[in-house]
**Student:** 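So that we are looking at the same thing, I have put the structure below in structure tokens.
The structure presented is a predicted model; accordingly, all values stated were derived computationally and were not measured. The basis for the numbers below is simple: all heavy atoms, side chains too, and nothing from hydrogens, waters or symmetry mates.
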Amino acid sequence: MIQFYNVSKTYPNQVQALNSITLHINKGEFVFLVGPSGAGKSTLTKLICREELPTHGQVIVNGRSLPRMKNRQVPYLRRQMGMVYQDFRLIPNRTVFENVAFALEIIGASRREMKQVVPEALRMVGMEKKLNMRPYQLSGGEQQRTAVARAIVNNPALILADEPTGNLDPDTSWELMRLFMDINSLGTTILMATHAWDIVDEMKKRVVQLENGVIVRDEEGGVYGHDH
Amino acid sequence: MIINTIFYYFREAATSLIRNSWLTVASVGTIIISLLILGSSVLLVLNVREVAADLESSLEITVFLEDDLEQERLEQLEEEIKFVPGVSTVNFVTKEQALENLKESFGDKAELLSGLEEDNPLPNSYTVKTRKANMVPSAARQLTELEGVEQVRYGQGVVENLLALTHWVRIWGSLALLVLGVAAVLLIATTIRMSVFARRREIGIMKMLGATNIFVRMPFMLEGMIIGLTGGLFAAVMIHFGYASFLNKVIISLPFIQLVDDSNSIYQVLGGLLGAGFLIGTLGSAISLRRFLKV
Ligand SMILES: Nc1ncnc2c1ncn2[C@@H]1O[C@H](COP(=O)(O)OP(=O)(O)OP(=O)(O)O)[C@@H](O)[C@H]1O
Ligand SMILES: [Mg+2]
């Protein structure tokens, strides 16, 4: 599903964020991306959704080369993936329902389709009772669950999560992880960049560790690291 | 699919217009003022042209001749007049005919002129017409130079003033229009910029969710178009009623002046105003999006 071949990324200010990365992620996998701050985790996820282009190397998502992809095709790439971030990225003046429905609105769905699909996604994340509330009326965990509902409402093959538990307390974080496992068990690939070592250690999934833009470890059933 | 999206565009555009209502009003107002100036200048120029064309057909030069010219010289003079650039027709008017014409114009008070026949003070003359009204002044100047010509008369000043007026209306109208047009475009660009700014987070989220460029930009384009069309509509309605009442006043007080009053020409002007408003709005949006919404 995702292939990196000798990928390097140097930002315009000459910071080299990634250095000759080769990485394969198969459909249905659950992968943790770990490493110290500034290691290049966010940069790697940005290359997958083509928010950034690699300076060298090849990035292939769903069989398509991203460096060769035309700008106008990028929206259709992003519709195949759901994104979840630390800061939730909900639209403040829209309700929970409207926020989730927005992902469908963008692809021209009708009200009727939204009324069918959105409640399903909200039920999946346990937010079906709060669909008329606005983000400021929700706890952080509820906001993040809304964001997850929005990410999965299109049935994407891939979820990209960049520190999704960064603003959540431990219990809420675990709630979110259980949700991710449910989603993953339905066949969705999940790539999650995180600093939450306890979660990584407990879940025993594949762990890819970056340091200074280089992959220093890639193991199945791994733990966060040996030095925490 | 498309219908849903179109509804979305209009809803978003309306939300923005209401959120920045004071800027919306200012932009619409500037467009109205610019278009009012455009509309009145165009109508003024059209009317001056109409009046000039009217004068063109009626304007003639009278060339008064010295007394006691020989028949030979008279015939030669007629040839010379015909050679003056711009001259189309030449008619000889004897002093007797001239007196008759004068009597006619006096109507029932013609007896005031009785007795003049014995010692007719009016000179022989040529009535000269030019092909165009704007050829009158130069033709008249050359006619003065000819030998045997005592005096040359025509609607002195009228044509020149009229033509000068169109000239100035064109220059000042275009200048005012340019300045106000640019101001209107910039004001719209600012309005759109504010909308983009107010929504920059939302725009980021839209891109993250896979919105196409058109989808992101369309509400903002629409916003400028709505501002432009609204301004154009107001200006067109104001010009329509303003001009109608102007025409009414002119018909009552200056009935002999022929103004542009066919609805075809007027609707063309009004349609032009609407189109100009739309153009200004679209241009303003496009400029703003190019600069502030890199997608
Ligand atoms: N847009 C950018 N322009 C220039 N440099 C950048 C940009 N984004 C990231 N960097 C740099 O690239 C390097 C990697 O950053 P990145 O955000 O990928 O790290 P990270 O592993 O996600 O860190 P964290 O755990 O703190 O989120 C850092 O040195 C960072 O300063
Ligand atoms: Mg990061």
**Student:** Can you name the nearest heavy-atom pair linking B:R201 to A:R89, along with the distance?
**Tutor:** NH2-CA, 3.8 Å

**Student:** Using non-hydrogen atoms and a 4.5 Å limit, figure out which bit of A:L90 sits close to chain B: side chain, backbone, both or neither.
**Tutor:** backbone

**Student:** What distance do B:F7 atom CZ and A:E105 atom CD have between them, rounded to the nearest 0.5 Å?
**Tutor:** 12.0 Å

**Student:** Go through it in stages, so that I can follow the logic: the residues are A:R150 and B:M208, the test is side-chain contact (heavy atoms from CB on, under 4.5 Å), and I'd like the CA-CA distance, side-chain angles, deciding distance and then a yes or no.
**Tutor:** CA-CA 11 Å; A:R150 181 181 61 190; B:M208 167 186 99; 3.2 Å; yes

**Student:** Would you compute the distance between atom CZ of A:F102 and atom CD of B:E202 and round it to the nearest 0.5 angstrom?
**Tutor:** 5.5 Å

**Student:** Working to the nearest 0.5 angstrom, can you tell me the gap between B:I205 CD1 and A:F88 CZ?
**Tutor:** 12.5 Å

**Student:** Evaluate whether atom OH of B:Y9 has more than 12 neighbouring non-hydrogen atoms of other residues, nucleotides or ligands under 6.0 angstrom away.
**Tutor:** yes

**Student:** CE of B:M206 to CD1 of A:I91: how many Å apart, nearest 0.5 Å?
**Tutor:** 7.5 Å

**Student:** Inspect the surroundings of OH in A:Y11 and state if more than 12 heavy atoms from other residues, nucleotides or ligands are less than 6.0 Å away.
**Tutor:** yes

**Student:** Kindly compute the distance separating CG (B:L209) from CG (A:N154), expressed to the nearest 0.5 Å.
**Tutor:** 8.0 Å

**Student:** To the nearest 0.5 Å, tell me how far A:R72 CZ sits from B:I214 CD1.
**Tutor:** 10.5 Å

**Student:** Testing the basics here: between A:P75 and B:T212, what is the closest heavy-atom pair and its distance to 0.1 Å?
**Tutor:** CG-CA, 3.8 Å

**Student:** Keeping the roles fixed (side chain from A:R78, backbone from B:K207), state whether a donor-acceptor pair exists under 3.5 Å.
**Tutor:** yes

**Student:** Taking everything shown except B:R193 itself, do over 12 heavy atoms lie less than 6.0 Å from its CZ?
**Tutor:** no

**Student:** Please determine whether the number of non-hydrogen atoms from other residues, nucleotides or ligands lying under 6.0 Å from atom NE2 of A:H24 exceeds 12.
**Tutor:** yes

**Student:** In terms of heavy-atom proximity below 4.5 Å to chain B, should A:R94 be classed as side chain, backbone, both, or neither?
**Tutor:** side chain

**Student:** Does B:Y8 have more than 12 heavy atoms from other residues, nucleotides or ligands lying within 6.0 Å of its OH?
**Tutor:** yes

